[in-house]
**Q** 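Okay, here's the structure, questions in a sec.
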Amino acid sequence: QVQLVESGGGLVQAGGSLRLSCAASGRTISNYAMGWFRQAPGKEREFVAAKNGSGVSTYYADSVKGRFTISRDNAKNTLYLQMNSLNPDDTAMYYCAAGNSYGRSQREYRYWGQGTQVTVSS
């Protein structure tokens with residue numbers, strides 16, 4: 001079992017930055033592909049970014065490419081999402097996830113955190 005706890009969300013003005021963290025416990029995240037997803041009010045949860053188990057490969061949604069950066073610190077067993085140039089469309093609950101496969105489908109991820117809210121004001 002892997003337990004995931006997100007933090008770092010909050011309220012930020014458009015153009016600002018936030019860094020989300022996802023602390024894992026139970027097992028080391030180096031054994032898993034890790035991803036970030038988000039869900040805005042009234043919308044389905046969507047893929048944001050993912051990094052494979054070795055950390056070599058990274059995959060971003062087109063909507064965040066060039067603005068968001070996913071990274072992992074295996075020594076701290078923590079996943080991060082650095083978000084720059086935020087805009088109101090980025091407002092959502094952000095979730096981290098861990099799985100054995102690397103991709104954009106939620107079905108590939110077995111373990112999920114409870115989420116952290118990001119609100120971007122215009």
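All values below were derived from every heavy atom in this structure, side-chain atoms included, with hydrogens, water molecules and symmetry-related copies excluded.
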**Q** Taking the side chain as every heavy atom from C-beta outward, state whether Ile70 and Tyr60 have any pair of such atoms under 4.5 Å apart.
**A**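 Side-chain contact under 4.5 Å: yes.
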
**Q** Calculate, to the nearest 0.5 Å, the distance between atoms CG and OG1 belonging to Leu11 and Thr91 respectively.
**A**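 Separation between the atoms: 8.5 Å.
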
**Q** Short question: side chain of Glu6, backbone of Gly115 - any donor-acceptor pair under 3.5 Å?
**A**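 Looks like yes, one N/O pair under 3.5 Å.
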
**Q** If I compare all heavy atoms of Glu108 with all of Arg104, which pair ends up nearest, and what's the gap?
**A**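 That closest heavy-atom pairing would be OE2-N, 3.6 Å.
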
**Q** Tell me whether Thr58 contacts the main-chain N or O of Lys51 through its side chain, where contact means a donor paired with an acceptor under 3.5 Å.
**A**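 Absent.
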
**Q** Supply the atom-to-atom distance Cys22 SG to Ile29 CD1, rounded to the nearest 0.5 angstrom.
**A**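 Output value for this atom pair is 7.5 Å.
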
**Q** Can you tell me how far the CE atom of Met93 sits from the OG1 atom of Thr116, to the nearest 0.5 Å?
**A**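 Here the rounded value is 7.5 Å.
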
**Q** Out of curiosity, Arg72 CZ to Leu79 CG, how far, rounded to the nearest 0.5 Å?
**A**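 The CG atom of Leu79 is 7.0 Å from CZ of Arg72, to the nearest 0.5 Å.
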
**Q** What is the minimum heavy-atom distance between Ala98 and Met34, and which atoms define it?
**A**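 Nearest heavy atoms, Ala98 then Met34: CB-SD, 3.4 Å.
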
**Q** Hey, quick one: are Leu4 and Tyr109 part of the same hydrophobic cluster, counting side-chain heavy atoms closer than 4.5 Å, chains of contacts allowed?
**A**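 Each belongs to a different hydrophobic cluster.
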
**Q** Where the side chain of Asp73 meets the backbone of Lys76, is there a donor-acceptor pair that is under 3.5 Å apart?
**A**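 Yes; judged by distance alone, with no hydrogens or angles, the pair exists.
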
**Q** Any side-chain heavy-atom pair from Phe68 and Gln82 closer than 4.5 angstrom?
**A**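 No. Closest side-chain heavy atoms not under 4.5 Å.
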
**Q** Quick one: name the residues clustered hydrophobically with Val5, using the 4.5 Å side-chain heavy-atom rule over I, L, V, M, F, W, Y, and just say none if it's on its own.
**A**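 In the cluster with Val5 there is nothing else; it is isolated.
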
**Q** For the residue pair Asn84 and Ser17, confirm or rule out a side-chain donor-acceptor distance under 3.5 Å.
**A**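 Note: Asn84 and Ser17 side chains meet the donor-acceptor criterion.
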
**Q** Answer whether the closest heavy-atom distance between the side chains of Leu86 and Leu18 falls below 4.5 Å.
**A**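 Leu86 vs Leu18: side chains touch.
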
**Q** Any cation-pi pair here, Arg27 with Tyr32, using under 6.0 Å and within 45°?
**A**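 Here Arg27 fails the 6.0 Å and 45° test against Tyr32.
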
**Q** Per the side-chain contact (heavy atoms from CB on, under 4.5 Å) rule, which among Val120, Leu20, Val64 passes with Met83?
**A**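 Single side-chain contact (heavy atoms from CB on, under 4.5 Å) partner of Met83 among Val120, Leu20, Val64: Leu20.
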
**Q** For a quick test of your reading: what N or O donor-acceptor pairs under 3.5 Å do the side chains of residues 35-42 make, sequence neighbours left out?
**A**
unit_1	atom_1	unit_2	atom_2	d
Trp36	NE1	Tyr80	O	3.2
Arg38	NE	Glu46	OE2	2.7
Arg38	NH1	Asp90	OD1	2.9
Arg38	NH1	Tyr94	OH	2.9
Arg38	NH2	Glu46	OE2	3.2
Gln39	NE2	Lys43	O	3.0

**Q** Do Gln106 and Trp112 come within less than 4.5 Å of each other through their side chains, counting heavy atoms only?
**A**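 Heavy-atom side-chain distance check passes, below 4.5 Å.
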
**Q** If you compare all heavy atoms of Ala14 against all heavy atoms of Ser122, which two are closest, and at what distance to 0.1 Å?
**A**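 Smallest interatomic distance, heavy atoms only, reads CB-CA, 4.3 Å.
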
**Q** Does Asn52 reach the main-chain N or O of Ala33 with its side chain, forming a donor-acceptor pair under 3.5 Å?
**A**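 No: the side chain of Asn52 does not pair with the backbone of Ala33.
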
**Q** Just verifying a value: how many Å separate Ser71 OG and Leu81 CG, rounded to the nearest 0.5 Å?
**A**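 So the gap between those two atoms works out to 8.0 Å.
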
**Q** Look up atom SG in Cys96 and atom OH in Tyr111, then write down how far apart they are to the nearest 0.5 Å.
**A**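 With rounding to 0.5 Å, SG (Cys96) is 13.5 Å from OH (Tyr111).
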
**Q** Who are the side chain to side chain donor-acceptor pair (under 3.5 Å) partners of Arg19, not counting sequence neighbours?
**A**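 So Arg19 forms no side chain to side chain donor-acceptor pair (under 3.5 Å) with any residue.
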
**Q** Going by the angle between their ring planes, with limits at 30° and 60°, are Phe47 and Tyr59 parallel, tilted or perpendicular?
**A**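 Correct class here is tilted.
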
